[in-house]
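What follows is a single structure, written as structure tokens, with notes after it.
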Amino acid sequence: MNTLATVLLSALPLGAGWAVHVWWLRGCLNRARRDPLTGLRTRDGFTRRATTLLKDPRAIVVLADVDKFKDINDAHGHAAGDALLKATADRLAHHVGRSGVAGRLGGDEFAAVLIDDHGTAGDMLAVLHGVLARPVDGHDPALHTTVSLGWVRAADFPADDLSGLLRRADEAMYAAKQARAGMRRAGLGRLFATVTGRRAGRTGARQDSPVVGVAA
């Protein structure tokens, strides 16, 4: 056996070990980008995928917030609250499908980016709103609530990045929650929901009046 062959053979165990190590690190990174309760992407993982999807002019950004979630926890316990969050996440992920992305931004707040192939985002999200309000399977039928949705079509604000679009969707969501309207779309006329356009203390609050509108 020549010297080159000997060197190559001796390097095989090292190469295999390194490949296993890389595979393990990749798995750790993927798990770190997944929320342990819901299995959805965390903010970092969501941001990476969503930023790519926003290159498509058909993209829409959705922000969803569970209504009266604290009341659910107080009345039914934290385990029931966790079950509600898990059911909400599962339904959102199923509705978004493989062409989009869903993530849990924290607490009872979820975000998604979908590709609106047929220009029917309003109808599509109306269906989603109904699905998210269903009782949680296998639990007390009283364990359910509505979810307020705010959404924005990325093409309406071509200068905005993901952060800006999420802010607009958040403003629309908060207006929907205040009006108990279920869902609202940003960018269809003026509705001054709050002074800052976001709930007090939230990051990214605008100092000017938000532009949001009714679902369409």
Side-chain angles (χ1 to χ4, degrees), residues 40-41 43-67 88 91-106 108-133 146-200 202-216:
L40 293 184
R41 296 173 188 245
R43 185 180 292 271
D44 179 60
F46 171 78
T47 298
R48 289 172 180 268
R49 175 63 178 149
T51 299
T52 299
L53 290 174
L54 287 178
K55 296 175 183 178
D56 191 320
R58 301 169 298 170
I60 63 171
V61 176
V62 182
L63 201 74
D65 193 87
V66 178
D67 296 326
T88 300
R91 292 164 181 174
L92 179 61
H94 178 77
H95 200 82
V96 168
R98 293 184 178 181
S99 63
V101 63
R104 183 185 181 195
L105 301 187
D108 59 340
E109 186 176 75
F110 301 86
V113 175
L114 302 86
I115 303 301
D116 183 15
D117 291 317
H118 306 293
T120 57
D123 293 337
M124 180 171 55
L125 293 177
V127 171
L128 174 62
H129 184 262
V131 168
L132 295 179
T146 55
V147 174
S148 295
L149 299 177
W151 66 280
V152 58
R153 193 178 296 279
D156 290 344
F157 302 95
D160 280 10
D161 60 6
L162 176 63
S163 178
L165 292 169
L166 282 172
R167 185 181 65 242
R168 293 183 187 277
D170 181 79
E171 292 166 355
M173 181 277 297
Y174 186 60
K177 189 180 289 286
Q178 291 292 93
R180 299 181 181 179
M183 54 183 275
R184 288 190 186 268
R185 175 183 175 182
L188 292 183
R190 293 189 175 274
L191 175 64
F192 301 120
T194 64
V195 174
T196 64
R198 287 175 70 90
R199 284 163 281 175
R202 291 175 64 112
T203 58
R206 288 170 51 159
Q207 300 305 311
D208 59 329
S209 298
V211 181
V212 297
V214 297

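Just so it is clear, the structure is predicted and the values come from calculations on it, not from any experiment. The figures that follow rest on heavy atoms only: side chains count, while hydrogens, waters and symmetry mates do not.
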Within the supplied structure, the quantity of interest is the number of heavy atoms (other residues, nucleotides, ligands) at a distance under 6.0 Å from R43 CZ; does it exceed 12? no

Any side-chain heavy atom of [X] sitting closer than 4.5 Å to one from [Y]?
{"X": "I60", "Y": "L125", "value": "yes"}
{"X": "F110", "Y": "V66", "value": "yes"}
{"X": "R184", "Y": "E171", "value": "no"}
{"X": "V131", "Y": "H94", "value": "no"}
{"X": "V127", "Y": "M124", "value": "no"}

D156 with R168: basic N within carboxylate O range, under 4.0 Å: no

With sequence neighbours left out, write down each residue that passes salt bridge (charged side-chain N to carboxylate O under 4.0 Å, His left out) with [X], or none if nothing qualifies.
{"X": "R48", "value": "D44"}
{"X": "R104", "value": "D35"}
{"X": "D117", "value": "R58"}

When rounded to the nearest 0.5 angstrom, what is the spacing between NE2 in H95 and CG in L128? 4.5 Å

To the nearest 0.5 angstrom, please state how far the CG atom of L40 sits from the CG atom of L105. 10.0 Å

Minimum-distance pair of heavy atoms, taken over all atoms of [X] and [Y]:
{"X": "P57", "Y": "A155", "answer": "O-CB, 3.6 Å"}
{"X": "A59", "Y": "L54", "answer": "CB-CD2, 3.9 Å"}
{"X": "V96", "Y": "A102", "answer": "CG2-CB, 4.2 Å"}
{"X": "V147", "Y": "A64", "answer": "CG1-CB, 3.7 Å"}
{"X": "W151", "Y": "A172", "answer": "N-CB, 4.3 Å"}
{"X": "L63", "Y": "D170", "answer": "CD2-OD1, 3.1 Å"}

Side chain to side chain donor-acceptor pair (under 3.5 Å) partners for D67, two or more places apart: T146, S148, K177

Considering residues at least two apart in sequence or located in another chain, which fulfil the side chain to side chain donor-acceptor pair (under 3.5 Å) criterion with T88? none

Results of side-chain contact (heavy atoms from CB on, under 4.5 Å) for S99 - residues two or more places apart only: none

Among L114, L165, V152, find the residue that satisfies the side chain to side chain contact (heavy atoms under 4.5 Å, CB included) test when tested with V62. L114

